[in-house]
Amino acid sequence: MRHRAGDLDRIVIVGAGRAAVAAAEELHRLGFTGAVTMLGGEAHPPYHRPACSKGLLTGRQRPADAHLSFSAPVRWLPGRTAEDLDVTRQIVYTQTGEEFEYDGLIVATGAKPVSPPGWPVGEPGLHVLHDIEDAFALAGALREARRVAVVGAGFTGCEAAYVVSSLARECVIIDSNPQVMTRAVGAVTGGLVADSMRHEGVRMRLGRRVRTVSRSRRGWRLDLDDGSHVDADVVISALGERPDTGWFTARHADTSDGLLCDESLRVLGVNRVVAAGAVARWPNPWYGDAPGRCDQWIAALEQGQAAARTLLAGQRPAPAAPLQPRYWSDLFGLRIQVCGRLDGADDVEVAELRPGRRDIARGGMVAVHLRDGVARGVVAVNAPRQFTTLAREMRAAGPVARPRVSLPAQPAHQRRLSLVG
Ligand SMILES: Cc1cc2nc3c(=O)[nH]c(=O)nc-3n(C[C@H](O)[C@H](O)[C@H](O)COP(=O)(O)OP(=O)(O)OC[C@H]3O[C@@H](n4cnc5c(N)ncnc54)[C@H](O)[C@@H]3O)c2cc1C
């Protein structure tokens with residue numbers, strides 16, 4: 001496919017993360033010969049964001065190890081934050097005072113961390129963990145710290161807790177849910193992973209909310225909703241992220257939770273604009289009826305590619321961009337893998353790989369999430385082979401009306417629990 005100048009000659013990509021780079025590469029692969037400009041708010045070249053809570057935080061990876069390589073001929077402009085947009089004249093305005101005209105626009109601005117109002121994030125010892133600068137700042141603070149409190153036990157919070165513990169620092173993790181990673185792995189697996197983390201010496205304050213954060217003589221004091229408090233030298237606020245759409249001022253677009261798109265990732269209400277990655281909310285058959293966002297690394301890659309294809313299709317129909325959610329984490333000796341959709345109302349069947357072990361997650365387990373007898377999601381801990389088989393089966397069956405996925409053949413001694421919740 002070759003694209004003439006005049007038809008779609010100048011493409012601007014706002015954002016320079018996973019989705020942006022994937023889109024640029026796909027444009028190149030499809031033979032787009034016009035100008036591609038990628039505006040990145042950060043000063044660093046595009047990088048592997050998951051490394052911020054892993055190798056970049058422990059120091060095992062240097063920034064250069066985490067860079068995303070790309071071969072597409074792109075004009076990458078770092079330190080350019082889009083601040084405004086004129087969709088009629090097709091111009092993006094940045095904080096530098098520059099204007100970037102486009103024939104096609106790809107929005108790939110990801111998400112930003114959120115903290116409760118009034119938390120003095122950025123003051124010494126009170127950190128968020130989202131980008132490479134956050135990882136450096138936190139790594140520096142951890143060198144001196146003795147006691148660290150992590151607020152929020154999602155993936156990022158638990159990975160941070162893992163790094164803290166591996167540095168032999170005392171770690172307390174606080175979350176309003178009674179288990180960890182509730183949204184990411186479901187309540188059943190989240191409870192088993194929490195048990196594992198306890199065995200590893202992490203102190204848990206689960207089912208508790210932080211009411212206030214204040215400076216104390218030795219660092220920070222967190223007052224919890226049960227009247228108790230936690231003292232820490234360093235606090236990590238890991239309370240989730242919100243799509244970065246503040247600059248997207250198009251009047252007719254729905255920016256209530258990311259940019260609302262059609263099934264091919266065209267932003268609704270605006271011409272010649274597509275979105276990809278954590279900022280895009282679109283009808284994904286894997287999510288059921290309501291459009292949803294997918295803040296995951298593999299999703300950002302696949303959406304970036306799909307958005308590029310849609311943009312090049314112009315006014316012609318473009319294929320839908322269904323996407324099977326899948327993600328992973330490695331912490332406390334647990335290889336956690338997830339695919340499909342998990343919901344609090346699912347029935348959950350758990351198979352233990354080594355029944356009788358006190359630490360079920362460490363011994364290996366698979367949790368299949370079912371609704372009306374139909375498997376919708378799978379979570380595996382230390383069971384990579386079983387996960388691969390199940391994920392492949394689910395993907396082959398597709399998101400709609402897929403048959404029940406059965407667990408792979410298991411040794412006779414294996415026990416299967418049937419849990420609801
Ligand atoms: C610490 C951490 C660990 C993670 N670990 C995992 C993991 O293990 N597995 C997994 O699947 N997912 C993980 N994720 C999630 C994953 O990194 C994201 O889903 C993915 O990076 C989303 O890609 P994206 O391109 O949409 O956005 P991003 O990677 O966030 O990139 C967006 C870019 O746009 C820039 N930007 C924002 N606003 C503007 C603007 N107005 N103008 C110009 N540029 C702008 C940002 O600075 C950023 O560089 C992790 C996330 C974090 C924060």
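Both counts, for ligands and for their atoms, begin at 1 and track the order of listing.
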Test log, rule side-chain hydrogen bond (donor to acceptor under 3.5 Å, both in side chains), inputs H229 and D223: CA-CA 4 Å; H229 75 273; D223 283 290; 4.9 Å; no

Does atom [atom1] ([X]) have a neighbourhood of more than 12 heavy atoms from anything else shown, all under 6.0 Å?
X: R10; atom1: CZ; value: yes
X: R215; atom1: CZ; value: yes
X: R371; atom1: CZ; value: yes

Quick one: look up the protein heavy atom nearest [atom] and list residue, atom name and how far away it is.
atom: atom 27 (O) of ligand 1; answer: G110 CA, 3.3 Å
atom: atom 3 (C) of ligand 1; answer: S53 OG, 3.3 Å
atom: atom 12 (N) of ligand 1; answer: W297 N, 3.4 Å
atom: atom 25 (O) of ligand 1; answer: A19 N, 2.8 Å
atom: atom 19 (O) of ligand 1; answer: D295 OD1, 2.5 Å
atom: atom 46 (C) of ligand 1; answer: E42 OE2, 3.8 Å
atom: atom 22 (C) of ligand 1; answer: A300 CB, 3.8 Å
atom: atom 44 (N) of ligand 1; answer: G41 N, 3.0 Å

Residue among L68, L301, V74, I13 satisfying side-chain contact (heavy atoms from CB on, under 4.5 Å) with V21: L68

Heavy-atom pairs closer than 4.0 Å: do any link ligand 1 to the side chain of [X], the backbone, both, or neither?
X: V14; answer: side chain
X: A16; answer: backbone
X: W328; answer: both

side-chain contact (heavy atoms from CB on, under 4.5 Å) evaluation trace for L311 with I11: CA-CA 9 Å; L311 194 61; I11 293 180; 3.8 Å; yes

Out of all atoms in ligand 1, which are within 4.0 Å of some heavy atom of [X]? Include the element for each.
X: H130; answer: 53 (C)
X: E241; answer: 53 (C)
X: W247; answer: 41 (N)
X: G277; answer: 26 (O)
X: Y327; answer: 11 (O)

Distance flag, aromatic centroids of F100 and Y93, threshold under 6.0 Å: no

Is there a donor in the side chain of [X] and an acceptor in the side chain of [Y], or the other way round, less than 3.5 Å apart?
X: S264; Y: R309; answer: no
X: S329; Y: E159; answer: yes
X: E133; Y: H44; answer: yes
X: S237; Y: S115; answer: yes

Per [atom], closest listed option by heavy atom ([options]):
atom: atom 30 (O) of ligand 1; options: R49, R18, Q303, H44; result: R49
atom: atom 42 (N) of ligand 1; options: G154, G40, C294, A82; result: A82
atom: atom 7 (C) of ligand 1; options: K54, E159, Q296; result: K54
atom: atom 38 (N) of ligand 1; options: L56, D244, T94; result: D244
atom: atom 32 (C) of ligand 1; options: A160, A108, G15; result: A108

Answer yes or no for [X]: is there a heavy-atom contact with ligand 1 below 4.0 Å?
X: L39; answer: yes
X: E83; answer: no
X: R80; answer: yes

Close N or O approach (C52, ligand 1; < 3.5 Å): no

Any N or O of A278 closer than 3.5 Å to N or O of ligand 1: yes

L312 side chain near L27 side chain, heavy-atom distance below 4.5 Å: yes

Flag side-chain contact, heavy atom, 4.5 Å: V366 against E352: no

Distance in Å, H252 NE2 paired with L268 CG, rounded so as to fall on 0.5 Å steps: 13.0 Å

Intermediate values then yes/no, side-chain contact (heavy atoms from CB on, under 4.5 Å), D131 and E42: CA-CA 9 Å; D131 62 28; E42 298 180 59; 3.6 Å; yes

